Amino acid sequence: MSETPAESSANPDFDAMTRDIAEVPAVEVIVTVAVNLMSAAAVKLGLTEEGDAHKDLDEARKLVHALAGLLDATATEISSFHAAPLRDGLKSLQLAFREASLVPDEPGQGPGEKYTGAVYG
């Protein structure tokens with residue numbers, strides 16, 4: 001019995017997906033995850049066109065912290081070509097978080113500052 005198109009889209013070809021991911025260099029996976037974390041954090045900080053519609057500083061804190069941890073853990077694994085813009089983006093998010101907070105964290109206590117050190121404007 002053959003699958004209908006609806007059934008085949010509901011049951012992805014995991015073997016093909018595994019083959020596809022096997023061909024992706026680790027640095028590309030790391031950068032993609034970092035960019036996704038940055039994008040999600042920007043949304044939760046209200047930095048998108050929708051502004052405050054999706055703003056949630058608690059969620060933003062978690063995302064920025066996760067991004068900082070990822071960049072810290074992979075600092076020696078990805079080249080400065082990839083790392084430098086990601087670190088710049090992280091710092092921008094940390095500063096945006098500080099600006100958006102009604103009660104700013106003490107220096108060194110903001111999201112991700114455990115990994116980056118205190119961030120100042």
Side-chain angles (χ1 to χ4, degrees):
M1 217 173 167
S2 68
E3 294 182 342
T4 66
E7 289 174 331
S8 64
S9 66
N11 299 317
D13 182 355
F14 290 111
D15 290 334
M17 290 170 61
T18 300
R19 279 192 303 277
D20 290 345
I21 198 104
E23 296 170 8
V24 178
V27 69
E28 191 173 325
V29 174
I30 293 165
V31 169
T32 300
V33 170
V35 169
N36 285 331
L37 286 168
M38 291 174 78
S39 298
V43 169
K44 297 299 184 179
L45 284 168
L47 302 176
T48 61
E49 289 181 12
E50 293 86 22
D52 290 346
H54 303 289
K55 190 172 184 176
D56 183 335
L57 294 183
D58 184 52
E59 291 289 302
R61 177 183 293 278
K62 293 171 188 171
L63 292 162
V64 172
H65 189 76
L67 174 61
L70 174 65
L71 295 182
D72 183 59
T74 59
T76 60
E77 306 301 324
I78 61 177
S79 68
S80 60
F81 174 79
H82 294 293
L86 294 173
R87 282 192 304 268
D88 290 344
L90 170 60
K91 183 177 180 181
S92 294
L93 291 169
Q94 289 172 309
L95 291 171
F97 184 91
R98 186 169 295 283
E99 186 176 305
S101 296
L102 294 176
V103 180
D105 296 312
E106 292 294 320
Q109 300 301 308
E113 291 182 4
K114 167 183 174 180
Y115 301 107
T116 64
V119 175
Y120 300 99

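The figures here come from the full heavy-atom set of this structure, side chains too, leaving out hydrogens, waters and symmetry mates. Everything numeric here is computed off the predicted structure, so don't read it as measured data.
- We find the CD1-CG distance between Ile30 and Leu70 to be 6.5 Å, quoted to the nearest 0.5 Å.
- Within 6.0 Å of CD on Glu50 lie more than 12 heavy atoms contributed by other residues, nucleotides or ligands.
- Under a hydrophobic clustering in which Ile, Leu, Val, Met, Phe, Trp and Tyr are joined whenever their side-chain heavy atoms come within less than 4.5 Å, directly or via other members, Leu90 and Leu57 fall into the same cluster.
- How far CZ of Arg87 is from OG of Ser80: 7.0 Å, rounded to the nearest 0.5 Å.
- With Asn36 contributing its side chain and Thr32 its backbone, the two residues share a donor-acceptor pair below 3.5 Å.
- Here the closest non-hydrogen pair linking Ala41 and Ala60 is O-CB, 4.3 Å.
- Taking CD of Glu28 as the start and CD1 of Ile21 as the end, the distance is 9.0 Å to the nearest 0.5 Å.
- Here OH of Tyr120 is found 8.0 Å from CD of Glu113. Values are rounded to the nearest 0.5 Å.
- Here CG of Leu63 is found 7.5 Å from NZ of Lys44. Values are rounded to the nearest 0.5 Å.
- The distance from the CG atom of Asp88 to the CE atom of Met38 is 8.5 Å, given to the nearest 0.5 Å.
- Cluster annotation: Leu71 and Leu37 are assigned to the same hydrophobic cluster (Ile/Leu/Val/Met/Phe/Trp/Tyr, side-chain heavy-atom contacts under 4.5 Å, transitive).
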Step by step, work out the side chain to side chain contact (heavy atoms under 4.5 Å, CB included) result for Val27 and Ser79.
CA-CA 9 Å; Val27 69; Ser79 68; 5.7 Å; no
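- Listed here is the closest heavy atom pair of Ala68 and Gly112: CB-CA, 3.4 Å.
- Between His54 and Glu59, every side-chain heavy-atom pair lies at or beyond the 4.5 Å cut-off.
- Under the 4.5 Å side-chain heavy-atom criterion for ILVMFWY residues, a single connected hydrophobic cluster contains both Ile78 and Val35.
- In the hydrophobic clustering of ILVMFWY residues, with side-chain heavy atoms under 4.5 Å counting as a link, Leu86 and Leu67 come out together.
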Assess the residue pair Arg61 and Asp105 against the criterion (side chain to side chain contact (heavy atoms under 4.5 Å, CB included)); give the C-alpha distance rounded to whole Å, side-chain angles, the decisive distance to 0.1 Å, and a yes or no.
CA-CA 11 Å; Arg61 177 183 293 278; Asp105 296 312; 2.9 Å; yes
Step by step, would you call Leu95 with Val119 a side chain to side chain contact (heavy atoms under 4.5 Å, CB included)?
CA-CA 7 Å; Leu95 291 171; Val119 175; 3.5 Å; yes
